[in-house]
Protein chains: 2
Amino acid sequence: MHMPAPPNTPGTNPDCRKVNAILSRIGDKWTILTIMMLVDQPRRFNELKRMIGGISQQMLTRTLKALEADGMVTRKVYPTIPPQVEYGLTNLGQSLAVPLIQVGAWVLDHISEIEAHRASYEEEAKRMLR
Amino acid sequence: MHMPAPPNTPGTNPDCRKVNAILSRIGDKWTILTIMMLVDQPRRFNELKRMIGGISQQMLTRTLKALEADGMVTRKVYPTIPPQVEYGLTNLGQSLAVPLIQVGAWVLDHISEIEAHRASYEEEAKRMLR
DNA sequence: CGGTATCCGCGGGGATACTG
DNA sequence: CAGTATCCCCGCGGATACCG
């Protein structure tokens with residue numbers, strides 16, 4: 001992105017659409033969090049589920065499948081009893097994790113600031129009603 | 001984030017929830033793109049609409065309002081005729097833009113790789129059906 | 001244990017028409 | 001120009017039950 005510093009006509013940018021499509025995918029409710037959980041080491045299904053917390057089996061399955069389709073995670077099945085499945089990041093996934101961690105760090109750093117803004121904004125909205 | 005390298009019990013992580021809530025907000029369909037468009041300079045409503053391309057007035061309004069509530073963008077009204085409104089990033093918004101641009105750059109760099117993965121994954125899925 | 005299958009509600013998000 | 005107001009659809013995502 002950075003959209004080569006358009007001194008240009010601000011007409012509809014076609015590149016945006018494609019980038020946006022990818023961003024929508026990685027920006028969905030669970031994807032970023034899931035990737036983060038795999039950065040340090042591969043994890044098993046229920047291990048991931050516990051770490052993330054609040055995600056349903058189905059959504060974790062869907063999220064992992066989408067990431068697999070995009071070449072972000074690998075899925076290794078050990079045919080033991082009980083069965084065991086390990087998910088890990090591919091090189092592509094690892095490379096994406098780098099900037100994502102930056103975003104995550106930013107959120108942690110500014111979370112209280114954002115919440116303060118929201119509170120005062122709502123306060124203001126209430127006052128306007130009277 | 002980075003979740004202080006948990007040597008710990010991988011029990012439900014409460015921090016995740018809050019971070020995830022923020023991530024969901026900035027990760028929605030239009031927010032990242034909108035912030036990107038404001039990095040270089042303030043922009044007017046319809047100017048933004050054209051630059052982003054494919055967004056409806058309503059969604060742009062909603063997105064900008066949410067960003068305003070979070071203290072990410074400022075809204076300046078010039079009571080001219082016709083009316084004129086300029087949106088710009090606050091310091092908070094600018095600081096968020098930094099890591100977001102990294103993610104955007106990553107997407108641009110790897111978009112073809114991802115699409116290739118998706119294609120071959122679908123191909124594989126089709127084969128399995130037979 | 002690691003998944004599918006099924007059902008379902010809510011809200012994200014588009015389209016259109018209208019207003020100051 | 002820069003929004004509201006309305007209507008409506010689709011699919012994200014949760015809950016539950018079942019399968020290998």
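Below, read A as the first sequence line, B as the second, and so on, with proteins coming before strands; counting in each chain starts at 1. The analysis underlying the following values was restricted to heavy atoms, covering all of them including side chains, and did not include hydrogens, waters or symmetry mates.
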*Heavy-atom pair of closest approach, residues I114(B) and M72(A)*: CD1-CE, 4.2 Å
_So which atom in A69(A) and which in R25(A) form the shortest heavy-atom distance, rounded to 0.1 Å?_
CB-NH2, 4.3 Å
*Hey, any chance L60(A) and M37(A) share a hydrophobic cluster, counting ILVMFWY side chains that come within less than 4.5 Å of each other, even indirectly?*
yes
*asked:* For W30(B), is there any backbone N or O sitting under 3.5 Å from a side-chain donor or acceptor partner on D28(B)?
replied: yes
*Describe, as an angle rounded to 10 degrees, how the axis at the first end of the helix from dC1(C)-dG20(D) to dG20(C)-dC1(D) is tilted relative to the axis at the last end, five pairs per end.*
50°
*asked:* Near DNA chain D, counting only heavy atoms under 4.0 Å, which residues of residues 57-70 of chain B show up?
replied: Q58(B), T61(B), K65(B)
_Outermost DNA chain D nucleotides near chain B [under 4.0 Å, heavy atoms]_ = dC1(D) to dT6(D)
*asked:* I'd like to know if L92(B) and V103(A) are part of one continuous hydrophobic network [Ile/Leu/Val/Met/Phe/Trp/Tyr, side-chain heavy atoms within less than 4.5 Å].
replied: yes
*Please work out if Y87(A) contacts a base, only the sugar-phosphate, or nothing of the nucleic acid, heavy-atom cut-off 4.0 Å.*
sugar-phosphate
*asked:* What range of DNA chain C does chain A touch, first nucleotide to last, counting atoms under 4.0 Å from its heavy atoms?
replied: dC1(C) to dT6(C)
*Can K65(B) and E68(B) be said to form a salt bridge (charged side-chain N to carboxylate O under 4.0 Å, His left out), step by step?*
CA-CA 5 Å; K65(B) 218 169 239 169; E68(B) 205 192 341; over 6 Å; no
_Y87(A)-Y78(A) co-clustered via ILVMFWY side chain contacts under 4.5 Å_ = no
*Of R43(B), R50(B), R44(B), which meets salt bridge (charged side-chain N to carboxylate O under 4.0 Å, His left out) against E47(B)?*
R43(B)
*When hydrophobic residues are tied together by side-chain contacts of less than 4.5 Å, even through go-betweens, does L100(B) share a cluster with I111(A)?*
yes
_Taking ring pair (Phe, Tyr, Trp, His ring centres under 6.0 Å) as the cut-off, I'd like each qualifying pair that reaches into residues 98-120 of chain A, sequence neighbours left out, listed once._
W106(A)-H110(A)
*State which residues pass salt bridge (Lys or Arg N to Asp or Glu O under 4.0 Å) with E115(B); sequence neighbours excluded, sorted by chain then number.*
K18(A)
*Between T90(B) (side chain) and G71(B) (backbone), is there a donor-acceptor pair under 3.5 Å?*
yes
